[in-house]
**Student:** 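Here it is: the structure, laid out below.
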Number of protein chains: 2
Amino acid sequence: MGASLELAVSTVILALLPGTTAGCGDETLQLHLPLVRRTREPFAGRWALPGGWVTPDERLSSAARRTLAETTGLRPSYLEQLYTFGAPHRSPTGRVVSVVYTALVRAPEAAAVEIGENVRWAPADRLMETVGELAFDHAEIVDYALWRLRTKVGYAAIAQHFLGETFTLAELRGVHEAVLGKHLDPANFRRSVAASGAVEATDEVRSGAAHRPARLYRAVLPPGGATGGYPPWQSRPELG
Amino acid sequence: MGASLELAVSTVILALLPGTTAGCGDETLQLHLPLVRRTREPFAGRWALPGGWVTPDERLSSAARRTLAETTGLRPSYLEQLYTFGAPHRSPTGRVVSVVYTALVRAPEAAAVEIGENVRWAPADRLMETVGELAFDHAEIVDYALWRLRTKVGYAAIAQHFLGETFTLAELRGVHEAVLGKHLDPANFRRSVAASGAVEATDEVRSGAAHRPARLYRAVLPPGGATGGYPPWQSRPELG
DNA sequence: TCCGTTCAGGTCAGCGCGACACTAACACCA
DNA sequence: TGGTGTTAGTGTCGCGCTGACCTGAACGGA
């Protein structure tokens, strides 16, 4: 029935890395994503999202995981389905339907990517300036992923995915400021986070700096069913 | 590359129809969705979501529209992509990946469905009791669609899709009460809707009943870009 | 010892929302 | 014709969340 049609997966992986501004000084974090340079037609030489074909016996998310690891070496712990793109002429060489997954990774994991001639991190908000036009409709896909991150993702998810096991509230706030692109009041941010129940305090503190040490916190996953349904990001039972 | 794999589309169409409670009295509206009885294996005799195969030259949404019209006669004006289900053994007869679309339709449009031996409306919250277990993983798909409707859809969209061109606030409130399954305070509902800017008052009123006539309102679409991105339901440029 | 910096917590005003009382405008009926 | 019932629509109050700002706590460094 539905033949002569290829099913692919792509992934939009977002990481907060130091800004690659050529000038010095500016040490701010910026959203980056890994891109792969195409070596074959169509769009040979252009940069594209990591991805590949789905094999008959693997889950869609497994295909995304596998192709991501094959091309970039990244192995994120959690992938979320973003959208399925299937316009008839997305690819000039035939009908390709792409199920796109997205994930957030920490900077240490992001460092696992073997940067090379054909793999690189690119600043999500300046793709055009840094790598030129993306292959296929991948620029549109990235835009949609960024919109989802900025409008739909909560404290716990961002903390858990962008920071380590434990973190200070200042670190969590810094991550949020980088994602949202605006300054947040430390006191109000603290209250807001505490009220959300997304983090819990640990006994430890982070010392060493020339000021009062900060308490360390840990992300606490939503109790899975407390909201009576599917939380939007993490912790939804993976759908088939 | 990615062969031996079928791509299908399914649709979850939601309409508010009078409750089919056998007993008298209860005239409340209930969420219903159209189901189609399968005539072939697998799952012959079981009820399933309307859907079918994607042909090589049509958009995914067009395939959803076409198969929905072929099986039920429904032609909703707008379809929204819900999720793509692709677990390896969803279908016992081979690998099938289903891109699921969803839409809300008004009762008059819903009446266009030619009810028969193999097509019927079923109450969304009592599928098991009324039609037994659905084919494939369609019950899971319906659950996810209901969750999305109840938690993600705003005033304007519900008004526009479930009601006519103009409507009273009482009608809009009734629709929301039916969707959410709980009573809403008329005064607070009015203020909340007004503040959202999702509706605008018209000059007309609806008279005829034995009480003060109610002003008619009209749904106003979000200004498409006011939020600087993709509004969640209606009015997002259809993605590829 | 003093000082600068950051952590941590508190206060206060404004806003949105739920609960509830009240007025307005029609149809119906005695 | 005027009273009555019913629903439309408005006003008010209190609570909780949020932004803006202030104060004390705890460190390293001069």
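In what follows, chains are A, B, ... by sequence order, proteins preceding strands, each numbered from 1. Remember, it's a predicted structure, so these values are computed and weren't measured experimentally. Worth knowing before you read on, the calculation uses all heavy atoms, side chains too, and leaves out hydrogens, waters and symmetry mates.
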**Student:** At the 4.0 Å heavy-atom cut-off to chain A, mark where contacts on DNA chain D begin and end, going 5' to 3'.
**Tutor:** D:dG19 to D:dG28
**Student:** So where does chain B start and stop touching DNA chain C, 5' to 3', when the test is distance under 4.0 Å to a non-hydrogen atom?
**Tutor:**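 Extent of the interface on DNA chain C: C:dG18 to C:dA27.
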**Student:** What pairs with B:F162 under ring pair (Phe, Tyr, Trp, His ring centres under 6.0 Å), at least two apart in sequence or on another chain?
**Tutor:**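 Scan of B:F162 (ring pair (Phe, Tyr, Trp, His ring centres under 6.0 Å), adjacent residues dropped) gives none.
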**Student:** List in numerical order all residues of residues 204-213 of chain B for which some heavy atom is under 4.0 Å away from an atom belonging to DNA chain D.
**Tutor:** B:A210, B:H211, B:R212, B:P213
**Student:** Run the side-chain hydrogen bond (donor to acceptor under 3.5 Å, both in side chains) test against A:E177 and tell me which residues pass, sequence neighbours left out.
**Tutor:** A:R173, A:H183
**Student:** Would you find a donor on one side and an acceptor on the other, under 3.5 Å apart, between the side chain of B:R215 and the backbone of B:T202?
**Tutor:**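 Yes, B:R215 side chain to B:T202 backbone: donor-acceptor pair under 3.5 Å.
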**Student:** Are A:E171 and A:T168 side-chain neighbours, meaning at least one heavy-atom pair lies under 4.5 Å?
**Tutor:**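 A:E171 vs A:T168: side chains touch.
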**Student:** By the 4.0 Å heavy-atom rule, please label A:R191 as base, sugar-phosphate, or nothing.
**Tutor:**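 It contacts base atoms.
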**Student:** Once you apply a heavy-atom cut-off of 4.0 Å, does B:A187 come out as touching a base, just sugar-phosphate, or nothing?
**Tutor:**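 Base contact.
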**Student:** With pairs taken as Watson-Crick or G-U wobble and both distances under 3.5 angstrom, which stems of at least three consecutive pairs involve DNA chain C?
**Tutor:** C:1-30 with D:1-30
**Student:** Is it true that the side chains of A:R148 and A:T102 contain a donor and an acceptor less than 3.5 Å apart?
**Tutor:**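 Short answer, no.
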**Student:** Between B:L79 and B:A64, which heavy-atom pair has the shortest distance, and what is it?
**Tutor:** CD1-CB, 3.8 Å
**Student:** Using the side-chain contact (heavy atoms from CB on, under 4.5 Å) rule, pick out the option among B:L35, B:I13, B:T11 that qualifies with B:L49.
**Tutor:** B:L35
**Student:** How far apart are the closest heavy atoms of A:A178 and A:L16, and which atoms are they?
**Tutor:**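 Residues A:A178 and A:L16, closest heavy atoms: CB-CD2, 3.8 Å.
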**Student:** Report yes or no: does B:R190 contribute a side-chain atom to a donor-acceptor pair with the main-chain N or O of B:A170 at less than 3.5 Å?
**Tutor:** no
**Student:** Fit a plane to each ring of B:W147 and B:Y144, take the angle between them on a 0 to 90° scale, and name the class: parallel (under 30°), tilted (30 to 60°) or perpendicular (over 60°).
**Tutor:**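 Parallel, since the angle between the ring planes stays under 30°.
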**Student:** Please find the pair of heavy atoms, one from A:F85 and one from A:V100, that lie closest to each other, and give the distance.
**Tutor:** CD1-CG2, 3.6 Å
**Student:** How close do A:T71 and A:G51 get, counting heavy atoms only, and between which atoms?
**Tutor:**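 So the two residues come closest at CG2-O, 4.4 Å.
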**Student:** With rounding to the nearest 0.5 angstrom, report the CG to CG distance, A:L14 to A:L146.
**Tutor:**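 It comes to 6.0 Å.
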